[in-house]
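A short write-up of the structure that comes next.
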Amino acid sequence: MNEKTYERVIEYLKQQIQEGKLSCGSKIPSERELAASLNLGRNSVREALRTMEHTGMLESRQGKGNFLVNMPQKSLGNVFSMMLLTGQSNYREVSRIRRILEQEAFVQAVRLKNPEVLKRLKAEIKEMQIPEKTAEHDRRFHQELICAGENQLLVAVMESLSGLCEEEIAHVQKEAKNEDWCQIHEEIVNALEEGNMEKGLKWIRKHYDKIDDTLIF
């Protein structure tokens with residue numbers, strides 16, 4: 001498969017979306033139909049679709065076909081992982097990006113004032129107080145906070161970055177006292193409930209300072 005084949009399949013599907021014939025979750029035309037519509041070989045189309053699946057644009061379902069799913073965090077995660085492996089980036093840079101994204105999400109969450117968000121965040125903190133559940137519910141807490149900003153690009157980028165730091169964050173949590181860790185999260189939620197942006201941003205910075213100070217490089 002050459003680059004032009006891949007681009008032609010992408011452009012064709014984009015056109016289908018623009019015309020309202022496809023949307024996220026839709027089943028796309030079969031390999032045979034795409035090959036006929038684009039005057040391409042089926043092997044080339046198959047390779048193009050496989051590439052799209054690897055980049056998170058498609059999901060192949062056994063016996064059902066290919067579906068548009070649009071999971072950019074999958075391809076972004078691969079890119080960021082490769083940058084770490086090749087030394088083009090490091091975990092401190094990942095932490096800095098996460099800090100920036102989370103602060104932006106918090107600002108938007110304060111403006112949106114969604115009471116359901118507060119309920120979910122408080123529930124995660126409650127579970128976080130159980131030592132063996134801290135890591136999982138810490139991850140879910142930050143996922144909820146990012147989602148609270150209602151910006152899907154932020155969600156996708158944050159999810160792709162979060163997976164890179166699981167080992168390092170687990171180390172941070174092991175070193176820190178659980179009650180201290182929970183307090184930081186409680187203060188973030190209190191600030192959100194009060195609508196106090198300055199206070200919330202301060203505690204988010206403190207959260208990431210704590211991570212940066214303990215990260216293994």
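Note that the coordinates shown come from a computational prediction; the quantities given were computed from them, not determined experimentally. Values below: every heavy atom of this structure, side chains too, minus hydrogens, waters and symmetry copies.
Across all their heavy atoms, Arg8 and Leu40 have their closest contact at NH1-CD2, 3.3 Å. For the residue pair Val9 and Met52, the shortest heavy atom distance occurs at CG1-SD, 4.0 Å. Scanning both residues, Ile97 and Leu161, for their nearest heavy atoms gives CG2-CD1, 3.3 Å. Shown here for Leu13 and Pro29, the closest heavy-atom pair between the two residues is CD2-CD, 4.3 Å. The heavy-atom pair separating Phe106 from Gly200 by the smallest distance is CZ-CA, 3.4 Å. The minimum heavy-atom distance linking Leu145 with Leu121 is given by the pair N-CD2, 4.0 Å.
Contact annotation: the side chain of Glu186 never approaches that of Trp203 to less than 4.5 Å [non-hydrogen atoms, C-beta and beyond]. His207 is listed as a side-chain neighbour of Trp181, based on a closest heavy-atom distance under 4.5 Å. Taking 4.5 Å as the limit, every side-chain heavy atom of Glu127 sits out of range of all side-chain heavy atoms of Thr134. With contacts defined as side-chain heavy-atom distances shorter than 4.5 Å, the pair Glu102/Tyr208 qualifies.
Scored by the side chain to side chain donor-acceptor pair (under 3.5 Å) test, Ser26 finds Ser23 as partners (sequence neighbours excluded). Checked against salt bridge (charged side-chain N to carboxylate O under 4.0 Å, His left out), Lys14 has the following partners two or more places apart in sequence or in another chain: Glu11. Residues meeting the side chain to side chain donor-acceptor pair (under 3.5 Å) test with Arg120, sequence neighbours left out: Glu144. Not counting sequence neighbours, the partners of Ser30 by the side-chain contact (heavy atoms from CB on, under 4.5 Å) test are Arg32, Glu33. Residues passing the side chain to side chain donor-acceptor pair (under 3.5 Å) test with Glu19, sequence neighbours excluded: Gln15, Lys21. Taking Glu150 as the reference, nothing meets the salt bridge (charged side-chain N to carboxylate O under 4.0 Å, His left out) condition, with sequence neighbours excluded. Under the ring-ring contact (aromatic ring centres under 6.0 Å, His included) criterion, His137 pairs with no residue, sequence neighbours left out. For Asp209, the side-chain contact (heavy atoms from CB on, under 4.5 Å) partners are Arg99, not counting sequence neighbours. Scored by the side chain to side chain donor-acceptor pair (under 3.5 Å) test, His185 finds Asp138, His142 as partners (sequence neighbours excluded). Partners of Lys122 according to the salt bridge (charged side-chain N to carboxylate O under 4.0 Å, His left out) rule, which considers only residues two or more places apart in sequence or in another chain, are Glu193.
Interatomic distance, Met83 CE to Thr86 OG1, rounded to the nearest 0.5 Å: 7.0 Å. Taken to the nearest 0.5 Å, the CE atom of Met158 stands 4.0 Å off from the CD1 atom of Ile146. For the atom pair Ile211 CD1 and Ser95 OG, the distance stands at 5.0 Å (nearest 0.5 Å).
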Please output the side-chain donor-acceptor pairs of residues 60-69 that fall under 3.5 Å, not counting sequence neighbours, one pair per line with the distance.
residue	atom	partner	partner atom	Å
Arg61	NE	Glu59	OE1	2.7
Arg61	NH2	Glu59	OE1	3.1

Donor-acceptor contacts under 3.5 Å from residues 107-115 side chains, at least two apart:
residue	atom	partner	partner atom	Å
Gln108	NE2	Glu104	OE2	3.4
Asn114	OD1	Glu116	N	2.9

Report the C-alpha distance between Val189 and Phe141 in whole Å, list the side-chain angles of each, state the deciding distance to 0.1 Å, and finish with yes or no for side-chain contact (heavy atoms from CB on, under 4.5 Å). CA-CA 10 Å; Val189 173; Phe141 176 95; 3.5 Å; yes

Any chance you could lay out the side-chain contact (heavy atoms from CB on, under 4.5 Å) test for Gln129 and Ile125, step after step, and finish with the verdict? CA-CA 7 Å; Gln129 292 170 4; Ile125 291 175; 4.1 Å; yes

Before giving the answer on side-chain contact (heavy atoms from CB on, under 4.5 Å), spell out for Arg46 and Asn43 the whole-Å C-alpha distance, their side-chain angles and the decisive distance to 0.1 Å. CA-CA 5 Å; Arg46 184 177 299 116; Asn43 286 340; 2.7 Å; yes

Give the C-alpha distance, both sets of side-chain angles, the deciding distance and a yes or no for salt bridge (charged side-chain N to carboxylate O under 4.0 Å, His left out) between Glu53 and Arg50. CA-CA 5 Å; Glu53 183 180 2; Arg50 191 172 298 162; over 6 Å; no

Is there a side-chain contact (heavy atoms from CB on, under 4.5 Å) between Glu187 and Gln183? Walk through the geometry before answering. CA-CA 6 Å; Glu187 293 292 352; Gln183 183 194 1; 4.0 Å; yes

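A donor-acceptor pair is defined here as one N or O able to donate and one able to accept, closer than 3.5 Å; no such pair exists between the side chain of Ser37 and the backbone of Leu34. No donor-acceptor pair under 3.5 Å is formed between the side chain of Ser44 and the backbone N or O of Thr5.
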